[in-house]
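Right, one structure below, let's go through it.
In this text, all values refer to a predicted model and were calculated from it rather than measured experimentally. Heavy atoms only: backbone and side chains are in, while hydrogens, waters and symmetry mates are out.
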Amino acid sequence: MLTAEQAAATVRSILAEQRADGAIPWFAGGHLDPWDHVEAAMALDVAGEHAAAEAAYRWLMGSQNADGSWYAAYREGAASDLNRESNFCAYVAVGVWHHHLSTGDDAFLEEIWPTVSRAMAFVLELGRADGTVSWRREENGTTPDEALLTGCSSVHHALRCALAIADYLEEPQPDWELAAGRLGHAVAHHPERFLDKDRYSMDWYYPVLGTALRGAAARERIEREWDRFVVPGLGVRCVSDRPWVTGGESAELALALWAIGESERAVEILKSIQHLRHEDGGYWTGYVFEDDAIWPEERTTWTAGALLLAVAALGGDEATVSVFGGEKLPAGLTEECCAAVR
């Protein structure tokens with residue numbers, strides 16, 4: 001699918017955008033958000049660029065707020081969106097565990113552990129009575145009583161990775177275990193607890209990507225909406241009713257497909273978005289096929305990062321397989337409210 005030279009060029013396209021302080025913005029002059037920053041850092045670890053990945057995590061260590069959060073966006077080193085989103089703040093745990101599995105660096109894991117612990121404490125402050133997590137804390141300190149399926153799927157994955165770190169460091173976290181179990185159950189069995197964002201492809205595949213769904217239930221979910229979101233030969237729609245395919249969503253779907261044993265389909269999806277590849281190895285964010293137009297005219301580091309992670313999983317990279325396969329991650333405590341359903 002990609003030659004070694006092509007993959008290396010894609011890695012260089014991420015490195016070219018990384019700032020001297022370790023921050024990885026979407027593109028030169030663009031903003032950074034903590035979630036996509038981590039996704040790009042994981043891609044650097046896949047490529048063996050461990051020092052650059054560590055610099056990205058050190059940027060997170062240095063920019064974390066006192067309450068354990070990060071702001072939703074930063075530009076040129078300064079916060080540009082003062083809201084704090086739960087899945088953005090949680091995702092550091094996924095990246096840090098992936099980094100440790102990639103490097104075996106116990107000293108750095110111990111050093112960054114307080115950062116991860118504070119981040120998870122902030123996220124759990126946004127927990128709702130039904131086991132879901134509110135999607136953000138507003139700039140004014142209020143918290144909407146609303147949960148997003150995509151965001152909570154990602155938080156569930158992050159809680160499992162945080163528990164893996166805690167287990168490794170022998171730092172028991174019973175509250176995280178309970179939260180992971182309750183949230184995973186909500187994602188898998190209670191769609192009514194989330195805002196209706198059914199138009200977005202991420203709400204389709206993220207319960208699988210976030211490890212809450214596996215087996216027959218995951219395959220049935222993917223199959224049910226396949227024709228609604230997948231445009232053969234072009235990729236995956238971001239929104240079901242728009243003629244716009246995006247590289248990031250396509251690569252993440254490929255990663256979810258790999259996780260449930262659909263590797264051939266995953267490869268086909270990744271092949272289908274090579275029309276987004278630029279000669280420098282980067283990837284355009286998306287393509288409006290009714291207008292035959294690249295849009296927006298941005299080559300984002302997280303699009304390249306998502307593709308490299310999917311390729312790594314398909315290629316058997318041990319750290320990526322462990323983090324996104326989910327079998328080796330702690331599952332948390334089982335939620336019993338719907339035992340009959342299972």
Next item on the list: Please check if the side chain of Glu17 supplies one atom and the backbone of Ala28 the other of a donor-acceptor pair under 3.5 Å.
Entry: yes

Next item on the list: Verify, without hydrogens or angle tests, whether His37 (side chain) and Ala23 (backbone) share a donor-acceptor contact under 3.5 angstrom.
Entry: no

Next item on the list: Using only heavy-atom distances, determine whether the side chains of Asp280 and Ser13 contain a donor-acceptor pair under 3.5 Å.
Entry: no

Check: Looking only at side chains, do Tyr71 and Glu139 share a donor and an acceptor under 3.5 Å apart?
Finding: no

Checklist line | Expected output: side-chain Asp81 to main-chain Asn83 donor-acceptor under 3.5 Å | finding: yes

Next item on the list: Could you check if a side-chain atom of Val236 sits within less than 4.5 angstrom of a side-chain atom of Val245, using non-hydrogen atoms only?
Entry: no

Checklist line | Charged N-O contact under 4.0 Å between Arg265 and Glu268 | finding: no

Next item on the list: State plainly whether the residues Arg58 and Glu111 are in salt-bridge range, i.e. N to O under 4.0 Å.
Entry: yes

Notebook entry, point to check: Going through the distances and angles, do Asp130 and Arg182 end up as a salt bridge (Lys or Arg N to Asp or Glu O under 4.0 Å)?
Noted result: CA-CA 8 Å; Asp130 61 7; Arg182 296 188 70 209; over 6 Å; no

Next item on the list: Look at the side chain of Ser134 and the backbone N and O of Ala147, then say whether any donor-acceptor pair between them is shorter than 3.5 Å.
Entry: no

Next item on the list: Please determine, by modelled atom types, if Thr285 and Thr300 share a side-chain donor-acceptor pair under 3.5 angstrom.
Entry: yes

Check: Is the closest basic N to carboxylate O distance between Glu138 and Arg136 below 4.0 Å?
Finding: yes

Notebook entry, point to check: Would a 4.5 Å heavy-atom cut-off, applied to side chains only, mark Ile165 and Glu171 as touching?
Noted result: no

Checklist line | Main-chain N/O of Ala254 paired with Tyr205 side-chain donor or acceptor, under 3.5 Å | finding: no

Check: Do the charged groups of Glu220 and Arg224 touch, with an N to O distance under 4.0 Å?
Finding: yes

Notebook entry, point to check: Salt-bridged, Glu125 to Arg137, with N to O below 4.0 Å?
Noted result: yes

Checklist line | Pairing of Arg214 and Glu327 as salt bridge, 4.0 angstrom limit | finding: no

Check: Are side-chain N/O atoms of His98 and Thr320 paired as donor and acceptor at under 3.5 Å?
Finding: yes

Checklist line | Pair Trp35-Tyr91, ring pair (Phe, Tyr, Trp, His ring centres under 6.0 Å): steps then yes or no | finding: CA-CA 6 Å; Trp35 198 103; Tyr91 210 59; 4.1 Å; yes

Check: Is there side-chain contact between Met42 and Phe324, with at least one heavy-atom pair below 4.5 Å?
Finding: yes

Item checked: Identified side-chain hydrogen bond (donor to acceptor under 3.5 Å, both in side chains) counterpart of Asp33 within the set Trp26, Tyr74, Trp302 -> Trp26

Notebook entry, point to check: Thinking salt bridges, do Arg84 and Asp67 make one under a 4.0 Å N-O criterion?
Noted result: yes

Note to self: I'd like to know whether CD of Glu192 has more than 12 heavy-atom contacts from other residues, nucleotides or ligands below 6.0 angstrom.
What the structure shows: yes

Check: On the ring face of Trp97, is Arg160 found with NZ or CZ under 6.0 Å from the centre and within 45° of the axis?
Finding: no

Notebook entry, point to check: Tell me, do Arg75 and Leu32 make a side-chain contact under 4.5 Å, heavy atoms counted?
Noted result: no

Check: Just by distance, do the side chain of Ser69 and the backbone of Asn65 share a donor-acceptor pair under 3.5 Å?
Finding: no

Next item on the list: Say whether, by atom type as modelled, one donor and one acceptor occur between the side chain of Glu298 and the main chain of Trp284 under 3.5 angstrom.
Entry: no

Item checked: Pair Arg277, Thr10: side-chain N/O donor-acceptor within cut-off below 3.5 Å -> yes

Notebook entry, point to check: Between the side chain of Thr103 and the main-chain N/O of His99, is any donor-acceptor distance below 3.5 Å?
Noted result: yes

Check: Below 4.5 Å, heavy atoms only, C-beta onward: do Trp204 and Phe229 meet side chain to side chain?
Finding: yes

Next item on the list: Answer whether the closest heavy-atom distance between the side chains of Tyr283 and Arg299 falls below 4.5 Å.
Entry: no

Checklist line | Check: Ser272 side chain, Ile269 main-chain N or O, donor-acceptor pair, under 3.5 Å | finding: yes

Item checked: Exam field: side chain Gln6 to backbone Thr3, donor-acceptor pair closer than 3.5 Å -> yes

